[in-house]
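In the text below, chain A, chain B and the rest are named by the order of the sequence lines, each starting its count at 1.
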Amino acid sequence: MVSEKFTKPYNPTENEQGIYKMWEDSGFFNPDNLKEKNKDGDPYCIIMPPPNANGSLHAGHALFVTLQDILTRTARMQGFKALWTPGADHAGFETQVVYEKILSKQGRSRFKMTDEELFKEIWDFTQENKKYMEAQLKSLGASCDWSREKFTLDPDVVEQVYQTFKKLEEDGLLYRGLRSVNWCPKHRTSLSNLEIEYEERTEPFYYIKYGPFVIGTARPETKFGDKYVVVHPDDERYKNYEHDQKFEVDWINGKITATLIKDEAGDPELGTGVMTITPWHSGVDFEIAQRHNLTYEQIIDETGRLLPVAGEFAGMKIKEARPKIVEKLKELGLLVKIDENYKHSVPVCYKCKTEIEPQLKSQWFIKMKPLAEKTKEVIEKGKVKFVTEKHKRVALHWLENIKDWNISRQIAWGIKIPAKICKDCGHGMVDLEDEIKVCKKCGSKNIEKDKDTFDTWFSSGQWPFVVLGYPDSEDFKNYYPTDVMETGHDILFFWVLRMVMLGLYRTDYVPFKYVYLHGLVRDKHGRKMSKSKGNVINPIDVSKEFGTDALRMALVVGNTPGNDLNLDVAKIGAYRKFANKVWNIARFVLIQIEQHGQGEINENDQKTLVKLTEFADEITEDISKFNLHLASEKLYHYIWHTFADKILEESKPDLQSDNKELASSKATLLLEMLKIQLKLLHPFMPFLTESIWQEIPDDMKDEKLIMISRWPSNIKLKHELA
RNA sequence: GGGCGAUUAGCUCAGUUGGCUAGAGCGUCCGCCUUACAAGCGGAAGGUCGUUGGUUCGAGCCCAACAUCGCCCACCA
């Protein structure tokens, strides 16, 4: 009998939880438990980009789960030893920012806590989130191996990160040095170049009398300590001045002695061709200062307030001080003119949009050039291939212009940097075992532990080989290099390229062979989803309303690699209809089989089966080429408009005829075709297809779970790009 | 300032190496509760594929220029 459950219509929420439990209980998410055909198969591995353990999943997560699950499930059915490893990311700075907002709502501040207290609280916070997140990943159907789950703060992860840090020092690729860093005065930490953004601003530009010169600046508040003026050596206007020439200047807080410096950095085309420099608060100025051995002084502190050098303005925030300073300049007769329409871009913190205040800080830097060179090489040689050619170009361009990487962060939430700093000479020493007691450079015993933590991307950049248990685990030997890295294109530089660089550095092999970058999930009009716009589509909510499979189809059909996807709830609704259609098709076919029994498929119908097999080959090839958007759309079209509308309708006369042989023959054809279609559709709509599969009697199918049934095409899944 | 991408039906988008009357979802119009499915079935309207030129037997697809929009990168005082 066709089961009670086969009542109409298809009810996804009723089925999904039970189905997932059945899969999980079967143990087949873990490739070690797969049957013979898979165990002897080639390995196929995807490392899941670990979601940040600081919130719930959004549409972008649902997209990556869908894409990676499609590939994993296809590989598994194809007989590969398929492994997809889940994880969670402590996401250093990001998470601390989230937690600081929570603190602030409670009227608290991290600056009134010890690092240990803060760490402990955020730890509990992330562990709670992590559990929630795992449940959400499961509800999206992720067929990943939970027994191999990792957190980026697990002891073995930290251990490998430490080893990498030490190796970098040994190889001379690590240095600690006083450099101009991007400092966020609100979060009071330095940030890498990737963590700042630029905002176009129109602000007043002030021309100020500086001794015999006129200088231009948008930031008069930094000028208190400016003792050097710089002109280009070839600037004819200033050929009567000598390099290093001293002269008196009536400055904001009284007379000072200034020095003229001739340096190529001076731009004769710009304004008067004269600038003063503020090395402590400008990277360019710092470089000039270093070239000529100039002194420098801090003007603004870590919280963005002026220091005593600013005299009466000391203690004021920049915004407050600037107009007052301008006022004083006027009174002193130093202000020459103001250009109100000066356009420039201002660096801001990518999280809080606070203006970045460059500061001189001693930090750990990694020399990136040598790492980038090797990465360029493997990309050019095709050892790492990009599904989207445009990203390959963007990647190479970035690698060619790479800067050294500041990996020190002044935050509590993260992996402590295992190093000692000499308080006398500033020398930094990597110290994994906490055994260094004397400065290796100056011999001083006045040393302390580095208080900073690693940039979170330094540790996550090592994720693939760490997850697989480098260096001597079986998993590492089996699955590394992994097959596909699938993630958002927004973290190409942050994460993907750093994984290639650090993976190559530690293991000599690329961490993955293919990079599939998806775009941003936007709302139906192409706007970014945001709480303030009220246009957020919560994947968990819609999967409850329409079914996870409908959401997955909506995310994959028409979503070309690398491009943003505009997601319309109506589109999800359309695929809920499709799920119901497949459900009804299955009911019809199974009723026919029940009524007429199985028989011989006649010669003419064999041809139909062959055509379906060719179709299966085509789908397999599409998946191989990462054309999941095509595969999914073709399946939709074939099942509905070829199978249901034509083949099934045209078989009705035979099924209703008195010729029993004819009827059972047709019913058998339909059953065979149904099974093939369900299998092809399974990676895309796993819950629906498994639900139906469970309705097919055991003696009519090759496996009790469609999840591990045999893929209906002999074409082997082998990724290749045009 | 440098780089990348987009422009196809009212809306949101596909169109795989150039090849039969250019497709999907939603929306619109007409007719159907036909015994798998009204979350359905049958049918219809709707596109000079941004503009201009070129290559080709043949161009939505390749090339050039232009226009519009978007994204990324970048220490200009």
Do K611(A) and E614(A) sit within salt-bridge range, that is, some charged N less than 4.0 Å from a carboxylate O?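 Result for this pair is no, no salt bridge flagged.
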Hey, are D404(A) and K367(A) close enough for a salt bridge, meaning a charged N less than 4.0 Å from a carboxylate O?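 Between K367(A) and D404(A) there is no salt bridge, as every charged N stays at least 4.0 Å from the carboxylate O atoms.
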Minimum-distance nucleotide (side-chain atoms of [X] versus [options]):
X       : options                : value
K581(A) : G42(B), C37(B), G25(B) : C37(B)
F588(A) : A14(B), G40(B), A36(B) : A36(B)
Y342(A) : A77(B), U16(B), A74(B) : A77(B)
H344(A) : A77(B), A24(B), A14(B) : A77(B)
H641(A) : C76(B), G25(B), C37(B) : G25(B)
F493(A) : A74(B), C72(B), A36(B) : C72(B)
D622(A) : G40(B), A39(B), U16(B) : U16(B)
W640(A) : C37(B), G40(B), A14(B) : G40(B)
N584(A) : A39(B), A77(B), A36(B) : A36(B)
N580(A) : U16(B), C37(B), A36(B) : C37(B)

For [X] and [Y], does a side-chain donor sit closer than 3.5 Å to a side-chain acceptor?
X       : Y       : result
T548(A) : E16(A)  : yes
S345(A) : E199(A) : no
D622(A) : S624(A) : no
W251(A) : D226(A) : no

Tabulate protein N/O versus nucleotide N/O from nucleotides 2-6 of chain B, keeping only pairs under 3.5 Å, one per line.
| unit_1 | atom_1 | unit_2 | atom_2 | d |
| --- | --- | --- | --- | --- |
| G5(B) | OP1 | R393(A) | NH2 | 2.4 |

Quickly work out the [X] [atom1] to [N] [atom2] distance and round it to whole Å.
X       : N      : atom1 : atom2 : value
E545(A) : A39(B) : CD    : C1'   : 13 Å
F578(A) : G40(B) : CZ    : P     : 12 Å
N535(A) : U12(B) : CG    : P     : 15 Å
H489(A) : C73(B) : NE2   : P     : 11 Å
H391(A) : C72(B) : NE2   : P     : 11 Å
N559(A) : G15(B) : CG    : C1'   : 15 Å
R576(A) : C37(B) : CZ    : P     : 18 Å
D564(A) : U7(B)  : CG    : P     : 13 Å

Option among F578(A), Y636(A), Y575(A) that satisfies the side-chain contact (heavy atoms from CB on, under 4.5 Å) test with V557(A):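 That would be Y575(A); it is the only one of F578(A), Y636(A), Y575(A) passing the side-chain contact (heavy atoms from CB on, under 4.5 Å) with V557(A).
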C1' spacing across the pair A9(B) / C4(B), given as an integer number of angstrom: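 The answer is 29 Å between these two C1' atoms.
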No-H, no-angle donor-acceptor pair, E649(A) side chain to A36(B) base, under 3.5 Å: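 Under the 3.5 Å cut-off, the side chain and the base do form a donor-acceptor pair.
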Side chain K652(A) and base A36(B) donor-acceptor under 3.5 Å: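 Donor-acceptor pair under 3.5 Å: yes.
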Counting Watson-Crick and G-U wobble pairs whose two distances are both under 3.5 Å, find the runs of 3 or more in a row that involve RNA chain B.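 So far as stems of 3 or more pairs are concerned, RNA chain B shows B:1-7 with B:67-73, B:10-13 with B:23-26, B:28-32 with B:40-44, B:50-54 with B:62-66.
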[N] phosphate, OP1 or OP2, under 4.0 Å from [X] side-chain N/O:
X       : N      : result
T217(A) : A77(B) : no
H637(A) : A14(B) : no
K625(A) : U17(B) : no

Among all residues two or more places apart in sequence or in another chain, which pass the salt bridge (Lys or Arg N to Asp or Glu O under 4.0 Å) test with K666(A)?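 Once residues adjacent in sequence are excluded, the partners of K666(A) under the salt bridge (Lys or Arg N to Asp or Glu O under 4.0 Å) criterion are D605(A), D654(A).
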Given the rule in the side-chain contact (heavy atoms from CB on, under 4.5 Å) test, do I537(A) and M529(A) qualify, once you have shown the distances and angles that lead to the verdict? CA-CA 8 Å; I537(A) 296 180; M529(A) 289 187 190; 3.8 Å; yes
Taking the ring centre of each residue, are Y514(A) and H719(A) less than 6.0 Å apart?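 Yes.
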Evaluate the ring planes of Y350(A) and F494(A), with Trp represented by its six-membered ring, and classify them as parallel (under 30°), tilted (30 to 60°) or perpendicular (over 60°).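 Y350(A) vs F494(A) ring planes: tilted.
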